[in-house]
K.L.:
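Let me begin by handing over the structure; questions about it come next.
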There are 2 protein chains.
Amino acid sequence: MANIREIAKEAGVSVATVSRVLNGHPYVKEEKRNAVWEAVEKLNYTKNINAVHLAKGKTSIIGVVLPYLNHPYFATVLEGISKEALRHRYHLLVFQTNYDVEKELEALEMMRMKQVDGLIICSHVADWGVIGEYKQDGPIVLCEDVRDQDFLSVYIDHYEAFTKALRYLIQKGHRHIGYCIGRTTGANSKARQAAYYDTLRQIGVEPRKEWIFDRCLYMEDGKRVIHEWMSLPEKPSALLVSSDQVAAGIVLWGKKEGVKIPADLAIVSFDNHPISEPLQITTIELPLALMGKKAFRLIYHYIETGNIARKTEKLSVRFIERSSV
Amino acid sequence: MANIREIAKEAGVSVATVSRVLNGHPYVKEEKRNAVWEAVEKLNYTKNINAVHLAKGKTSIIGVVLPYLNHPYFATVLEGISKEALRHRYHLLVFQTNYDVEKELEALEMMRMKQVDGLIICSHVADWGVIGEYKQDGPIVLCEDVRDQDFLSVYIDHYEAFTKALRYLIQKGHRHIGYCIGRTTGANSKARQAAYYDTLRQIGVEPRKEWIFDRCLYMEDGKRVIHEWMSLPEKPSALLVSSDQVAAGIVLWGKKEGVKIPADLAIVSFDNHPISEPLQITTIELPLALMGKKAFRLIYHYIETGNIARKTEKLSVRFIERSSV
DNA sequence: TATTGCGTTGAAACGCGTTTCATACATTAT
DNA sequence: ATAATGTATGAAACGCGTTTCAACGCAATA
């Protein structure tokens, strides 16, 4: 495969001139410009982008760290990042971690090795301290509420959203409220947990551990939840559900078991995924694609200008009242 | 940032020795090995992976070309690819195309520029001829039935699957059968179309254009379809639906409109996505994650060994009978 | 003793595009 | 006419890890 020096020889110019032509720089005579393009054509030349990356010290690739790819939450965030990256001619390297710290560290190492110019972390398990050590190697944007930490972030205030949903349920007369969560660790989950404990305590209700359903990610988990719920000696009358997928599972499988929504069990969930509409699930819309888009913009702005326009951005949610409460 | 020459100086050895140590090659005295690691530690050295890519002429990155990231079909294929890539310490660069030829070409160009070692194309719009020109630049694996073309591929025989589903409907007494499709172009879609026309002709039924619903990808499209279906003067009694998402939309929105499944409208769809189970949708399970996994293996085997073990692989589907027919 | 061979090492070439710096000529301003 | 700008172009350095090749030492075989 031809390289830039062969092109220079063929076109009778220097490699510097070839580089100028290839990159559209000014100060090249029309004839030389043509000669270069002809040589490129004739020798069927293409740049070796790895040489470009090495020479420039950057790759125009952003790494995206997320646990799962086939989960609507992360797929939507990723889509948001991707669309914006496309607009700016950036590429995306995906690091699917399955919440394995090793994989997260690998992504961070990749930034250190200059494989990627920056990292968007959608969700993680590694300690802040560990992640923080890599800030010197490139920009890191978190899609989580990290206000107390020194990181760039775009986030949804899950404490607020969860509190809002809880108050709504309380106002509707519910006192026995449980919730479903994807995992117990993680900033978002902890914020939700805190909102749950704080709000229930405020109304003088003691939170119950058996009303908290962990590892709720997919629709199938909703099936598990409703069955567990049915077997409870004392049942909560309302459930706050981590995602519409899980809520749909609860509603659909509940229906098969004769559970009446909202009479037997009221549901408020999150996302406003298309499935929530026909099922009439009251949900809190999360701007996931927007979060991805903004995360990219944050990192892009930093890379291109070298300074930080805004450090964190809080996105607002939208309450969509339907008839599952 | 320190480079390998500085490490060599610090450790009092040559760069070749440093490289040997870093890559775990044999024939280095224990003491030199230690000296190198100490220097690495002391200078906080990390490889510049772009230099590695340039020197080696490969990146251990596979490009994945797909139209959408937040669609269960592609997200699942991608997850399958990703899991297998992870096992082999390969990385994935995603090219979301939105079915834009330009973006597909960009992915192909990226392989030519050695950004990626190979390409897995999950779905595409570019001509075979155009894609074929890039075969010299690296392995390309298609996740479509391309038996008549000279490409590596892992595919689901949609003609067979569609025919199977049609025969099932016919055997159940249906004569007026329509279908939903993601798009009209593309190998998979054409195979389905051919199966539709062939099978209906075999039983002497004239296919009707107004019973073919195009652009069916997401759940919302199911809403559109059921409304269009209701407004038809002559309605098909059965619908073959491109995906469980769309089928779920049809079933759920149909229910709101009082459409009885299967009395008014029978449904057979594809994927066996978790949602099809509680909705009791008869579906044909597509091994999407497996397809991704096998696609990666094909490309991986070619890259590592330089020869082709098998050119194409057909994956079998599983018919799951429920009560939507 | 001579020869073969394996372990160990380093110099140098290689992969390849970008960018800086110096140089040379053509203009425009003074 | 002279200084000051601007246009045009190439040599060489730079980014940095990998790999080949020659060479040296020492042990084992002939």
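Heavy atoms only: backbone and side chains are in, while hydrogens, waters and symmetry mates are out. Predicted, not measured: the structure shown is a model, and the values here were computed from it. In the text below, chain A, chain B and the rest are named by the order of the sequence lines, each starting its count at 1.
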K.L.:
Give Val18(B) one of three labels, base, sugar-phosphate or nothing, depending on what nucleic acid heavy atoms sit under 4.0 Å from its own.
P.N.:
nothing
K.L.:
Can you find a side chain N or O atom of Thr17(B) that sits less than 4.0 Å from OP1 or OP2 on dG10(C)?
P.N.:
yes
K.L.:
State whether Asn3(B) places a side-chain N or O below 4.0 Å from either non-bridging phosphate oxygen (OP1 or OP2) of dG15(D).
P.N.:
no
K.L.:
Using a strict cut-off of less than 4.0 Å between a Lys/Arg side-chain nitrogen and an Asp/Glu carboxylate oxygen, indicate whether Glu109(B) and Lys47(A) qualify as a salt bridge.
P.N.:
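Here Glu109(B) does not pair with Lys47(A) in a salt bridge, since their nearest N and O are not under 4.0 Å apart.
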K.L.:
Classify the ring geometry between Phe74(A) and Tyr68(A) as parallel (under 30°), tilted (30 to 60°) or perpendicular (over 60°).
P.N.:
perpendicular
K.L.:
What pair of heavy atoms forms the shortest contact from Leu66(A) to Cys122(A), and how long is it?
P.N.:
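Heavy-atom minimum between the residues: CB-CB, 4.1 Å.
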K.L.:
If we only count heavy atoms from C-beta on, is the Thr312(B) to Tyr155(B) side-chain gap below 4.5 Å?
P.N.:
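SC-SC contact between Thr312(B) and Tyr155(B) confirmed.
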K.L.:
For the residue pair Glu104(B) / Tyr99(B), report whether a side-chain donor-acceptor contact shorter than 3.5 Å exists.
P.N.:
no
K.L.:
Between Glu31(B) (CD) and dT8(C) (P), how many Å, whole number?
P.N.:
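These atoms are roughly 10 Å apart.
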K.L.:
In this structure, how many angstroms lie between the P atom of dA11(D) and the CZ atom of Arg20(A), rounded?
P.N.:
12 Å
K.L.:
Under 3.5 Å, is there any donor-acceptor pair linking the side chain of Arg5(A) to the base of dG15(C)?
P.N.:
no
K.L.:
Check whether any side-chain N or O of Thr97(A) sits under 3.5 Å from a backbone N or O of Lys103(A) as a donor-acceptor pair, and report yes or no.
P.N.:
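Answer holds: no.
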K.L.:
With heavy-atom distances below 4.5 Å as the criterion, would you say the side chains of Ile140(A) and Lys135(A) are in contact?
P.N.:
yes
K.L.:
Does anything in residues 32-41 of chain B come within less than 4.0 Å of DNA chain D? Heavy atoms only, and list the residues if so.
P.N.:
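Heavy-atom cutoff 4.0 Å gives no residues at all.
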K.L.:
Nearest nucleotide by nearest heavy atom, which residue falls closer to the 5' end of DNA chain D, Ala16(A) or Tyr27(A)?
P.N.:
Tyr27(A)
K.L.:
Tell me: NE2 of His25(B) to P of dT9(C), nearest whole Å?
P.N.:
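So the NE2-P distance, His25(B) to dT9(C), works out to 15 Å.
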K.L.:
So which of residues 43-63 of chain A are in contact with DNA chain D, with a heavy-atom cut-off of under 4.0 Å?
P.N.:
Ala51(A), Leu54(A), Ala55(A)
K.L.:
Using residues 291-298 of chain B as the side-chain source, report each donor-acceptor pair under 3.5 Å to any protein atom, sequence neighbours left out, with the distance given to one decimal.
P.N.:
from: Lys294(B); atom 1: NZ; to: Glu313(B); atom 2: OE2; distance (Å): 2.9
from: Arg297(B); atom 1: NE; to: Glu84(B); atom 2: OE2; distance (Å): 3.0

K.L.:
Send over the distance from Ile4(A) CD1 to dT9(D) P, rounded to a whole Å.
P.N.:
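It is 15 Å, rounded to the nearest whole Å.
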K.L.:
Is any side-chain heavy atom of His124(B) closer than 4.5 Å to one of Val65(B)?
P.N.:
no
K.L.:
How long is the line joining NZ of Lys9(A) and P of dT9(D), in whole Å?
P.N.:
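Going from Lys9(A) (NZ) to dT9(D) (P), I get 20 Å.
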K.L.:
Send over the distance from Glu30(B) CD to dG7(C) C1', rounded to a whole Å.
P.N.:
14 Å
K.L.:
Write down the distance between CG (Asn23(A)) and C1' (dG17(C)), rounded to a whole number of angstrom.
P.N.:
8 Å
